[in-house]
Amino acid sequence: MKKLSCLTAFLMLLNLQALKADILGDWTFETSQPATAGPFTPEIGSGSASGFHAGAAAYSSPSGNGSLHSFSSTLWTVNDYYQFEVNTLGHSGVSLSFDQTSSNTGPGGYNLAYSTDGVNFTGFASYTVLANASPNITWNTTIYNSAYTFNFDLSTVSALNNQSTVFFRLVDNSTVSASGGTVGTAGTDRVDNFIVSATTVPEPATTILAVLGGGLLLLTLKRQHPTGIN
């Protein structure tokens, strides 16, 4: 068998303390079943979810994307939003995944924004949602459809790392509806399976042990192969 190189052996050691992805919050709305603006705790993890509308919106929990419930609301105007709050203490490399759809007269355009104080928000991306039951694309309780799923990698935003509070907003940015018309007062938008994940930051002691272990392994290999290590 070919001898392991020092580099390969050391990398194998480092893999023992490789970063682990954790779910910080996962809102499926199966137990919370919203009927108000919230806040609602996630089904997995900790934090809160809520809605904000300038008008007297109606909140409900209709069918989700392949599940029984989601978070839905009416009376959308520009700058109304859904908000999700988590803490990222001990974590870095945040990413988001969620499902979202609107009725034909619900809003079609959204901005994803983040904040660490709940007051000052920074826009990260704009996106467009599909209308519920678009041709050949259905959103219902029994079949999950990935066409309604959005994934955002915020790992480059270091400000979100290791924070006691981090906020994410899905903000209505247009009066254009999901079907291309105008957003109506009875138009709805719903969100489901909102997941915030991040990677665990290794404890300093763990990193030090890994480096010391790598040095010890290198010394052992040199003693076993004094003429050179392949």
Side-chain angles (χ1 to χ4, degrees), residues 21-54 57 59-62 64-74 76-102 106-107 109-129 139 144 148-173 188-199:
D22 293 327
I23 292 177
L24 306 183
D26 181 359
W27 287 263
T28 65
F29 303 107
E30 295 307 298
T31 57
S32 53
Q33 297 181 25
T36 66
F40 307 102
T41 56
E43 278 68 21
I44 298 174
S46 61
S48 67
S50 57
F52 173 84
H53 287 258
Y59 293 89
S60 59
S61 57
N65 190 11
S67 61
L68 293 177
H69 299 286
S70 64
F71 188 16
S72 178
S73 55
T74 64
W76 284 89
T77 59
V78 173
N79 293 325
D80 290 348
Y81 58 82
Y82 292 122
Q83 178 171 284
F84 299 84
E85 177 188 351
V86 297
N87 87 71
T88 63
L89 292 174
H91 293 83
S92 65
V94 174
S95 63
L96 304 179
S97 175
F98 57 90
D99 303 324
Q100 191 174 4
T101 187
S102 285
Y110 280 83
N111 292 330
L112 168 64
Y114 64 85
S115 172
T116 56
D117 61 11
V119 177
N120 301 291
F121 280 79
T122 300
F124 182 78
S126 297
Y127 62 96
T128 302
V129 301
W139 169 296
Y144 167 78
Y148 294 104
T149 301
F150 297 89
N151 295 288
F152 293 100
D153 181 358
L154 289 87
S155 60
T156 58
V157 185
S158 59
L160 301 178
N161 299 340
N162 198 37
Q163 296 294 317
S164 58
T165 52
V166 170
F167 303 84
F168 300 102
R169 283 182 181 175
L170 310 181
V171 186
D172 177 7
N173 67 9
T188 63
D189 179 271
R190 67 185 78 175
V191 63
D192 194 17
N193 303 316
F194 194 98
I195 302 172
V196 184
S197 359
T199 51

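Nothing here was measured: the structure is a model prediction, and the numbers come from that model. What you see below is based on every heavy atom in this structure, not just the backbone, and it leaves out hydrogens, waters and symmetry mates.
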Legend entry - Contacts of type salt bridge (Lys or Arg N to Asp or Glu O under 4.0 Å), residue D153, not counting sequence neighbours: none
Legend entry - R190 to F71, cation-pi by 6.0 Å centre distance and 45° axis angle: no
Legend entry - side chain to side chain contact (heavy atoms under 4.5 Å, CB included) involving N87 - partner list, sequence neighbours excluded: S46, L89
Legend entry - Partners passing ring pair (Phe, Tyr, Trp, His ring centres under 6.0 Å) against F52 (at least two apart in sequence or in another chain): Y81
Legend entry - From D172 atom CG to D189 atom CG, the distance as rounded to the nearest 0.5 Å: 8.0 Å
Inset, instruction - Could you tell me whether the side chain of L170 reaches within less than 4.5 Å of the side chain of V191, counting heavy atoms only? - result: yes
Legend entry - Spacing of F168 atom CZ and L96 atom CG [to the nearest 0.5 Å]: 4.5 Å
Legend entry - With F150 via ring pair (Phe, Tyr, Trp, His ring centres under 6.0 Å) - residues at least two apart: F98, Y127
Inset, instruction - Any chance you could measure F29, atom CZ, to S72, atom OG, to the nearest 0.5 Å? - result: 10.5 Å
Legend entry - Atom pair OG/CG of S67 and D99 - distance to nearest 0.5 Å: 8.0 Å
Legend entry - side chain to side chain contact (heavy atoms under 4.5 Å, CB included) involving N120 - partner list, sequence neighbours excluded: D117
Inset, instruction - Could you pull out all residues at least two apart from T101 that satisfy side-chain hydrogen bond (donor to acceptor under 3.5 Å, both in side chains)? - result: none
Legend entry - Pairing residues for D22 by the side chain to side chain contact (heavy atoms under 4.5 Å, CB included) criterion, not counting sequence neighbours: K20, L24, H91, T200
Inset, instruction - Show your working on side-chain contact (heavy atoms from CB on, under 4.5 Å) between F167 and F84 and close with a plain yes or no. - result: CA-CA 6 Å; F167 303 84; F84 299 84; over 6 Å; no
Inset, instruction - Give a yes or no on whether the backbone of S73 and the side-chain of T188 come within a donor-acceptor separation of less than 3.5 Å. - result: no
Legend entry - Those residues that, when tested against T77, pass side-chain hydrogen bond (donor to acceptor under 3.5 Å, both in side chains) (two or more places apart): D80
Legend entry - Partner residues of W76 under the ring pair (Phe, Tyr, Trp, His ring centres under 6.0 Å) criterion, sequence neighbours left out: H53, Y82, Y110
Legend entry - Gap between atom CH2 of W27 and atom CZ of F40 - 0.5 Å precision: 12.0 Å
Inset, instruction - Output all residues satisfying side-chain hydrogen bond (donor to acceptor under 3.5 Å, both in side chains) with T122, sequence neighbours left out; order by chain, then residue number. - result: none
Legend entry - Set of ring pair (Phe, Tyr, Trp, His ring centres under 6.0 Å) partners for Y114, sequence neighbours left out: none
Inset, instruction - Name all residues meeting the side-chain hydrogen bond (donor to acceptor under 3.5 Å, both in side chains) criterion together with S32; count only those two or more places apart in sequence or in a different chain, and write none if there are none. - result: E43
Inset, instruction - Would you check if there is a donor-acceptor pair between the side chains of T28 and N193 at a distance under 3.5 Å? - result: no
Legend entry - Distance, nearest 0.5 Å, that separates CG of L160 from OG of S95: 11.0 Å
